[in-house]
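Because the structure is a prediction, the values reported are computed rather than measured.
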Amino acid sequence: MGDFDTGKEVNSKKFQVFIGSTSNEWKLVQNARVTVSHPIFREPTTSGGVITFTGAPDNSISGTLLFTYDEWTTANTSGVTNVAGLKALLTPDAVGEVIPKTWLIKFTSLDASASNTTLTFANCKLSVADISKSVEGAVKVDISVVCPSDPS
């Protein structure tokens, strides 16, 4: 087994979610989760064995935002790399599709060298914005974003 204690650990303050570009950070994200996935399908063969097939990317970003007026009402700035609020991200266009945006996930290490990794997901679409009043009184939005391609 390898030793993975490299000093490049990441804590929650160093996990950032951006929409469009690194200047458009979702600052109030809690419980952020990134799922990078390729479904694997098993098919039986005539010889009694099993063969596996890898499906298309099935990636997602989810989390909880502390609800603010700006995060709901910010108009869509044209282009996949520009900002948009939740209402704009959920509003279908003329052909019935919600707007695609590029989403970035940035992990920065805690060490002094500030090593970082950025996952860039193109053509992501916000599929759910579940707004609720939590027990402690804050209004929160649980979001789910579908990302149909592999991160670069």
Side-chain angles (χ1 to χ4, degrees), residues 1-67 71-72 74 76-111 113-132 134 140-152:
M1 194 79 182
D3 182 2
F4 295 105
D5 185 14
T6 63
K8 305 242 187 263
E9 293 85 4
V10 176
N11 76 8
S12 62
K13 289 183 180 180
K14 301 294 184 176
F15 180 122
Q16 298 169 287
V17 178
F18 301 88
I19 180 171
S21 70
T22 55
S23 62
N24 300 318
E25 182 179 2
W26 289 90
K27 295 183 189 288
L28 302 175
V29 177
Q30 301 174 337
N31 306 324
R33 166 175 258 154
V34 177
T35 304
V36 179
S37 171
H38 283 269
I40 305 295
F41 303 98
R42 295 181 184 100
E43 293 289 332
T45 63
T46 55
S47 64
V50 174
I51 190 167
T52 59
F53 298 95
T54 302
D58 187 18
N59 306 314
S60 64
I61 301 168
S62 62
T64 301
L65 300 169
L66 294 177
F67 186 83
E71 268 141 5
W72 181 257
T74 299
N76 177 36
T77 306
S78 293
V80 296
T81 60
N82 295 318
V83 74
L86 295 171
K87 183 177 179 183
L89 290 170
L90 289 169
T91 302
D93 61 15
V95 294
E97 291 291 325
V98 295
I99 57 175
K101 291 286 183 175
T102 297
W103 287 65
L104 291 86
I105 307 298
K106 184 176 180 183
F107 305 101
T108 304
S109 69
L110 295 173
D111 67 356
S113 68
S115 302
N116 67 62
T117 299
T118 301
L119 302 177
T120 302
F121 294 93
N123 298 315
C124 297
K125 294 181 179 183
L126 181 65
S127 65
V128 175
D130 182 5
I131 304 168
S132 62
S134 62
K140 296 183 179 183
V141 182
D142 293 321
I143 62 167
S144 181
V145 179
V146 175
C147 304
S149 59
D150 284 323
S152 59

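- Smallest separation of non-hydrogen atoms from K106 and T118: CG-OG1, 3.7 Å.
- Of all heavy-atom pairs between P39 and A56, the closest is CD-O, 3.2 Å.
- Closest non-hydrogen pair, L90 versus V128, comes out as CD2-N, 4.5 Å.
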Exercise. Do T102 and T120 pass the side chain to side chain contact (heavy atoms under 4.5 Å, CB included) test, and can you show the C-alpha distance, the side-chain angles, and the key distance before you say yes or no?
Worked result: CA-CA 7 Å; T102 297; T120 302; 3.6 Å; yes
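- The nearest pair of heavy atoms linking A88 to A84 is CB-CB, 4.1 Å.
- Side-chain contact between L89 and I19: present, with at least one pair of heavy atoms (C-beta onward) separated by less than 4.5 Å.
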Problem set entry | Criterion side chain to side chain contact (heavy atoms under 4.5 Å, CB included) on F121 and V34, from CA distance to verdict | CA-CA 11 Å; F121 294 93; V34 177; 3.9 Å; yes
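- Here the OG1 atom belonging to T81 is positioned 9.5 Å from the CG atom belonging to L104, to the nearest 0.5 angstrom.
- Using a 4.5 Å cut-off on side-chain heavy atoms (C-beta onward), K101 and L126 make no contact.
- Between the side chains of S47 and T45, at least one donor-acceptor pair of N or O atoms lies under 3.5 Å.
- Heavy-atom minimum distance, V80 versus P100: CG1-O, 3.5 Å.
- Just one residue in the list D58, N59, D150 forms a side-chain contact (heavy atoms from CB on, under 4.5 Å) with H38, and that residue is D150.
- Ring geometry for F107 versus F15: interplanar angle over 60°, hence perpendicular rather than tilted (30 to 60°).
- Checking each of T64, V17, L86 against I143 for a side-chain contact (heavy atoms from CB on, under 4.5 Å) leaves exactly one that passes, namely L86.
- Between R33 atom CZ and I105 atom CD1 the span is 13.0 Å, to the nearest 0.5 Å.
- Sorted by first and then second residue, the salt bridge (charged side-chain N to carboxylate O under 4.0 Å, His left out) pairs involving residues 77-99 (not counting sequence neighbours) are E97-K125.
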Problem set entry | Worked verdict on I131 versus W72 for side chain to side chain contact (heavy atoms under 4.5 Å, CB included) | CA-CA 10 Å; I131 304 168; W72 181 257; 3.9 Å; yes
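- The distance from the OG atom of S149 to the CG atom of N123 is 6.0 Å, given to the nearest 0.5 Å.
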